[in-house]
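These values consider heavy atoms only, across backbone and side chains, with no hydrogens, waters or symmetry-generated copies.
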Amino acid sequence: VNMGTALIYDEEMTRYKLLWVDPACKIEVPERLVVSYGALVENGLADRCVSIPVREATDADILLVHSEEYLEAVKKTPYMTLEELKEFTLQYGDVYFHPNIYHCAKLALGATLQLVDNVMTGKVRNGLALVRPPGHHSMRSAASGFCIFNNVAIAAQYVKQKYGVKRVLIVDWDIHHGQGVQYSFEDDPSVLYFSWHRYEHQKFWPNLRESDFDVVGKEKGAGSTINVPWNKVKMQNSDYLSIFFHVLLPVAYEFSPDLVLVCAGFDSAIGDPEGEMCATPDIFAHLTHLLMNLAGGKLCAVLEGGYNLKSLAQSVCQTVHSLLGDPAPRPANLEGPCNSALESLQCVRSAHRKYWSCLKHAGSLKYTLIVNVLSFSTIRENFIKDADDKDAVTLSSLIALVDKMEKNEVVLTRDLLYSNLFFYISVLSQGCSDASGFIQAVLGLLLPLGYEYDPSLVLLVQTPGSGICDSVWQQLTGLLQGLAQGHILVLMQRTCIDPTCSSLLGDAAPSLGQLHAAPPEDVEAVENLRQRLKADWKLLQTTDEPDD
Ligand SMILES: COCC(O)(O)CCCCCNCCCN
Ligand SMILES: [Zn+2]
């Protein structure tokens with residue numbers, strides 16, 4: 001059941017700003033919150049959310065990550081003169097202090113903890129905390145990058161301590177590397193930290209060697225830090241989606257988190273002076289949607305960066321639309337990932353191959369994945385029979401149609417042809433359906449194909465004997481709703497009405513639990529098919545090698 005989406009915001013957090021000249025900090029202005037919240041109100045989204053009040057974080061909350069000496073130092077800032085504030089600020093990088101920033105930093109952290117409390121206790125399903133100062137750069141004893149307290153890092157420690165949460169996934173889609181988060185969990189296998197960031201071979205701020213793809217975590221935490229460096233600017237939607245399909249989502253499903261925290265920075269959107277990327281605000285509807293079937297839908301997004309007020313406001317609205325369960329806009333005209341993105345993708349996958357079974361290739365065939373992309377011409381030449389001109393494609397005719405498609409005697413009624421290309425994937429799994437093999441096929445093959453194809457309708461058919469268990473079926477039904485603006489038609493030849501309906505009604509699919517290594521034959525099946533198809537379907541590429 002959909003318990004709703006929390007929105008946590010308090011205008012007190014707009015009451016601090018830069019009081020002196022500092023070119024590095026002038027972009028971090030109070031208007032960032034004003035326009036974000038304003039846009040949610042204007043678009044009728046604020047009213048559809050459950051409004052949860054902020055609270056002040058306690059010392060105990062702050063000390064989950066930060067040191068006593070750092071907290072004691074920050075506590076003195078409200079009483080400092082302008083000169084003392086400037087002096088105090090000099091010891092840190094790309095950050096500024098203000099008499100009211102300590103208060104606002106406690107509210108930003110308090111807002112974040114209110115959000116995770118309400119999600120963990122089931123008051124709401126998911127939510128967004130619109131906060132400043134942001135958090136992901138601040139470290140145990142240092143402020144950095146406009147950040148005072150590390151809101152998301154503290155939230156992860158907080159839920160582990162208070163709710164005994166075993167595994168937390170942190171997705172940092174801000175365009176900067178959240179080094180503060182990485183440092184907090186680099187040896188902690190219970191927190192998986194994923195970050196992509198503008199890097200340009202260490203030439204971009206914060207210019208850290210440890211932001212590169214080969215830094216994967218330490219000791220027990222090896223494999224639980226995933227760094228995706230963008231070594232060029234102007235990355236687009238398909239670059240972002242490729243990383244989700246071929247790195248983040250396969251690993252996230254294998255990790256099977258109990259909670260997803262998002263460092264929701266929107267400086268990764270087009271128009272942002274910091275990111276200089278080209279991904280459009282609607283991509284955040286898809287990124288959010290693609291994470292919403294993890295952890296039983298428990299997702300807490302916390303604002304980090306975002307400095308172009310127009311694209312920030314639009315990106316925030318796209319994110320909240322998805323949190324509310326609204327269908328995502330069609331991912332129009334996706335090209336393939338650029339070579340630089342493919343290089344990063346390949347580097348990250350190989351750096352993590354030994355930690356995550358989903359990134360391995362081996363074995364022989366179990367799934368026969370039949371992918372027929374039937375274009376107009378193919379259909380017209382080879383398949384059209386003298387189909388009578390039905391006015392409406394009735395369900396029975398669709399079922400009859402699908403039966404024929406199963407037998408590859410495709411007869412398409414004329415009006416079905418009018419809905420442009422017809423895209424037909426049948427995932428036949430002989431024998432018991434191993435969830436991980438199937439999910440990896442969905443994430444690494446079906447979704448990239450589907451997003452690139454961008455259908456106006458998704459026809460999902462459950463063939464008898466497919467042996468796909470309900471929770472996997474619900475994951476599939478949920479994930480596919482990111483396509484065709486959610487226009488999905490499910491033909492079931494087996495009674496799994498309830499789980500399907502709950503997924504169609506927007507409920508998150510139940511977690512599949514930690515996924516074991518997929519049977520090698522499944523992995524190979526997907527890999528073979530991906531090799532065959534990637535020449536025509538660019539989103540299937542994971543390397544810039546002609547045949548990886
Ligand atoms: C968590 O804060 C959100 C953020 O990651 O966006 C902070 C970015 C700090 C960027 C510091 N350099 C600015 C140089 C100005 N050209
Ligand atoms: Zn940022």
Check: Could you walk me through whether Asp239 and Ser242 pass the side-chain hydrogen bond (donor to acceptor under 3.5 Å, both in side chains) check?
Finding: CA-CA 5 Å; Asp239 301 307; Ser242 291; 5.8 Å; no

Next item on the list: Go through Lys220 and Asp187 one step at a time and tell me if the side-chain contact (heavy atoms from CB on, under 4.5 Å) criterion holds.
Entry: CA-CA 6 Å; Lys220 293 190 310 307; Asp187 62 352; 5.5 Å; no

Next item on the list: Could you please spell out the steps behind the salt bridge (Lys or Arg N to Asp or Glu O under 4.0 Å) verdict for Lys123 and Asp117?
Entry: CA-CA 9 Å; Lys123 302 275 187 326; Asp117 275 337; over 6 Å; no

Checklist line | Worked check of ring pair (Phe, Tyr, Trp, His ring centres under 6.0 Å) between Tyr451 and Phe245 | finding: CA-CA 10 Å; Tyr451 267 81; Phe245 295 142; 5.3 Å; yes

Item checked: Verdict with supporting geometry, Phe213 and Ser344, side-chain contact (heavy atoms from CB on, under 4.5 Å) -> CA-CA 8 Å; Phe213 63 83; Ser344 297; over 6 Å; no

Margin query: I'd like to know whether Phe255 forms a side-chain contact (heavy atoms from CB on, under 4.5 Å) with Phe194, so could you lay out the CA-CA distance, the side-chain angles of the two residues, the decisive distance to 0.1 Å, and finally the verdict.
Written below: CA-CA 12 Å; Phe255 180 66; Phe194 167 93; over 6 Å; no

Note to self: Let's go through Asp61 and Arg55 carefully: what are the C-alpha distance in whole Å and the side-chain angles of both, what is the deciding distance for salt bridge (Lys or Arg N to Asp or Glu O under 4.0 Å) to 0.1 Å, and is it a yes or a no?
What the structure shows: CA-CA 12 Å; Asp61 296 331; Arg55 72 167 168 85; 2.9 Å; yes

Next item on the list: Would you check, one step at a time, whether the test side-chain contact (heavy atoms from CB on, under 4.5 Å) holds for Thr542 with Lys534?
Entry: CA-CA 9 Å; Thr542 58; Lys534 68 177 197 171; 5.9 Å; no

Item checked: Residue pair Phe244, His286: steps toward the ring pair (Phe, Tyr, Trp, His ring centres under 6.0 Å) verdict -> CA-CA 10 Å; Phe244 263 56; His286 289 283; over 10 Å; no

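A salt bridge does not link Arg198 to Asp267: none of the charged nitrogens lies less than 4.0 Å from a carboxylate oxygen. Contact check on Arg32 versus Glu28 returns a salt bridge, with a Lys/Arg side-chain nitrogen under 4.0 Å from an Asp/Glu carboxylate oxygen. Between Lys160 and Asp258, none of the side-chain N atoms (NZ, or NE/NH1/NH2) sits under 4.0 Å from a carboxylate O, so this pair counts as no salt bridge. A salt bridge links Lys75 to Asp59: at least one charged side-chain nitrogen sits closer than 4.0 Å to a carboxylate oxygen.
Closest approach of Ala279 to Asn237, counting heavy atoms only: CA-OD1, 3.1 Å. Residues Ile52 and Ile8 share a closest heavy-atom pair of O-CG2, 3.6 Å. Closest approach of Pro257 and Leu294 over heavy atoms only: CD-CD2, 4.2 Å. Nearest heavy-atom pair across Glu304 and Cys263 is OE2-SG, 3.5 Å. Residue Ser141 comes nearest to Glu69 through the heavy atom pair OG-OE2, 4.1 Å, listed as atom of the first residue, atom of the second, then distance. Leu115 and Ala6 make their closest contact through CD1-CB, 3.9 Å (heavy atoms, listed as atom of the first residue, atom of the second, distance).
Between the CG atom of Leu109 and the OG1 atom of Thr58 there is a distance of 8.0 Å, given to the nearest 0.5 Å. In this structure, CD in Glu210 is found 8.0 Å from NZ in Lys218, a value given to the nearest 0.5 Å. Here the CD-CD distance, from Glu186 to Glu219, works out to 8.5 Å after rounding to the nearest 0.5 Å. For the atom pair CG (Leu128) and OG1 (Thr5), the distance works out to 9.5 Å, reported to the nearest 0.5 Å. The structure places CG of Leu445 at 8.0 Å from CZ of Arg530, a figure rounded to the nearest 0.5 Å.
Annotation: Trp173 is in aromatic contact with Phe284 [ring centroid separation under 6.0 Å]. Between Tyr92 and Phe88, a ring centre-to-centre spacing shorter than 6.0 Å is recorded.
Counting only heavy atoms from C-beta outward, the side chains of Cys25 and Phe146 approach each other to under 4.5 Å. Counting heavy atoms from C-beta outward, Ile154 and Thr112 have side chains that stay 4.5 Å or more apart.
Ring geometry for Tyr158 versus Tyr163: interplanar angle over 60°, hence perpendicular rather than tilted (30 to 60°). Below 30°, between 30° and 60°, or above 60°: for His66 and Tyr70 the angle between ring planes is between 30° and 60°, a tilted geometry. Using the six-membered ring where Trp is involved, Tyr96 and Tyr16 have ring planes that are tilted, between 30° and 60° apart. Classification of the Trp196-Trp230 ring pair by plane angle, with boundaries at 30° and 60°, yields tilted.
Every ring-ring contact (aromatic ring centres under 6.0 Å, His included) that His197 has, sequence neighbours left out, goes to His177.
A donor-acceptor pair shorter than 3.5 Å can be found between the side chains of Gln475 and Tyr253.
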